[in-house]
Protein chains: 2
Amino acid sequence: MRVGVILSGCGFQDGAEIHESVLTLLALDRAGAEIACFAPDTAQTKVVNHLTGEEAGESRNVLVESARIARGEIADVKTADADTLDALILPGGFGAALNLCDFALKGPEADVNDDVANLVRAMHAAKKPIGAICIAPALIAKVLGKDGGPTLTIGTDAGTAGAIEACGADHQDCPVEDFVVDKEQRIVSTPAYMLGPTIKHVAEGIERCVAEVLALVEPANVA
Amino acid sequence: MRVGVILSGCGFQDGAEIHESVLTLLALDRAGAEIACFAPDTAQTKVVNHLTGEEAGESRNVLVESARIARGEIADVKTADADTLDALILPGGFGAALNLCDFALKGPEADVNDDVANLVRAMHAAKKPIGAICIAPALIAKVLGKDGGPTLTIGTDAGTAGAIEACGADHQDCPVEDFVVDKEQRIVSTPAYMLGPTIKHVAEGIERCVAEVLALVEPANVA
């Protein structure tokens, strides 16, 4: 099986959440899946100093920073082809809601990066499973919500859950070690650092989320 | 138990190896250890574009970039006090041999960051265990080697092993899933991405390395 992973930078305040991304890669590798990392070749919405939490007066590229997590093995998401992927996973971090879409700034009125939206739509249309971690389910809700949205989770935050429901998805509360699955639409989600508190809790939810995504791949469909 | 983790940036080509760092944090959290991350508050030796492998014309700070991996929970290594730590672990990545010391540039003639060297010496003098991953054992060899160095591993690379022996340490070849322990000196090392090839192999070695470090903590000494 070949699984796409969409990264959104490197660091939870302005990019992909690093722990969530690494735990996703670990779970996929342990399951024997081939991993194909992608990110948009665009400027980050902002750069945050992760020591102080303040914005840094810098510019960084989402694909270039994501390559730190992927150890250079990554391609522009524009080149991703759903026909060659059996499943897709989106780790979280603010990057998923700042760089892949701008849900963190505009909520239900968010715009989604065209290449990311096209890939998510193509996977969904081909009935291939999609995993979304932490805040990434907001992007899935925005892309797929208008057609009768999937059931998914971002944990228990009522404000964020309400914004996701405003996109047309159904939100379901979920603890960090668990996941929510919409079997019909093949969407799996887990709260991760939307709840935390620490890496061992996040790891349990991500391991179970990834296992469920892989279990939803139809053998006849394997690319 | 409270375990110090010294990071050296964020990205294997110019900082801490991200997978190794996250896997270390995961193993420590799962073992119930309290984690205290540290990094030097200094400029990185260089900044590398991890997509192209080429040097970028940028300047970044080791502590600020390490904070991405530590989710902001990190302090200047200058403030680390061996009396409050039960063990110390150094993940790898070129940052360990560029920013914590300059072994990657000068081999056995390397200089080591004073605060890092002082912390390693204080932990060693107090008979508290130290774990060193990937290329980080080179730093341990340089700091402790002159007093009759510990036995340790960086995998199987003969050139690097020779440079480590020139520091006064004894090198022992080791596969990625395993570790080398010097029980007398309480130094544990594992090759990680010095060998790879993928994250699941690296994870196995790091999990075993961390477990051995924690097993070497003397209960009577717990801070």
Top of B:Leu26, B:Ile74, B:Leu25 for chain A proximity - count of heavy-atom pairs under 4.5 angstrom
B:Leu26
Pick from A:Asp76, A:Asp41, A:Leu63: which one makes a side chain to side chain contact (heavy atoms under 4.5 Å, CB included) with B:Leu51?
A:Leu63
To the nearest 0.5 Å, what is the distance between CG on B:Asp29 and OG1 on A:Thr198?
3.5 Å
Nearest heavy-atom approach of B:Glu204 to A:Arg30 is N-NH2, 4.3 Å
Does any heavy atom of chain A fall under 4.5 Å from the side chain of B:Glu20, the backbone, both, or neither of them?
neither
Could you tell me which portion of A:Asp14 (side chain, backbone, both or neither) has an atom closer than 4.5 angstrom to a non-hydrogen atom of chain B?
side chain
B:Ile18 side chain near A:Ser21 side chain, heavy-atom distance below 4.5 Å
no
Flag, side chain of B:Arg68 to backbone of A:Cys10, donor-acceptor distance under 3.5 Å:
yes
More than 12 heavy atoms of other residues, nucleotides or ligands under 6.0 Å from NZ of B:Lys200: is that the case?
yes
Under 4.5 Å from any heavy atom of chain B, what part of A:Ile35 do you find: side chain, backbone, both or neither?
neither
Contact class of A:Glu73 relative to chain B, heavy atoms under 4.5 angstrom
neither
Other residues, nucleotides and ligands only: do more than 12 of their heavy atoms fall within 6.0 Å of CG on B:Asp114?
no
Which atoms of A:Gln13 are under 4.5 Å from chain B, going by heavy atoms: the side chain, the backbone, both sets, or neither?
neither
With distance as the sole test, does A:His19 use its side chain to make a donor-acceptor pair with the main-chain N or O of B:Ile69 at under 3.5 Å?
yes
Look at B:Asn61, B:Val64, B:Val202 and state which one has the largest set of heavy-atom pairs under 4.5 Å with chain A.
B:Val64
At a heavy-atom separation under 4.5 Å, does B:Val48 approach chain A through its side chain, its backbone, both, or neither?
backbone
Which residue out of B:Glu58, B:Arg71, B:Glu65, B:His50 racks up the most heavy-atom pairs below 4.5 Å with chain A?
B:Arg71
Looking at A:Phe94, I want to see if its CZ is surrounded by more than 12 non-hydrogen atoms of other residues, nucleotides or ligands under 6.0 Å.
no
Does any backbone or side-chain atom of B:Leu23 lie under 4.5 Å from a heavy atom of chain A? Answer side chain, backbone, both or neither.
side chain
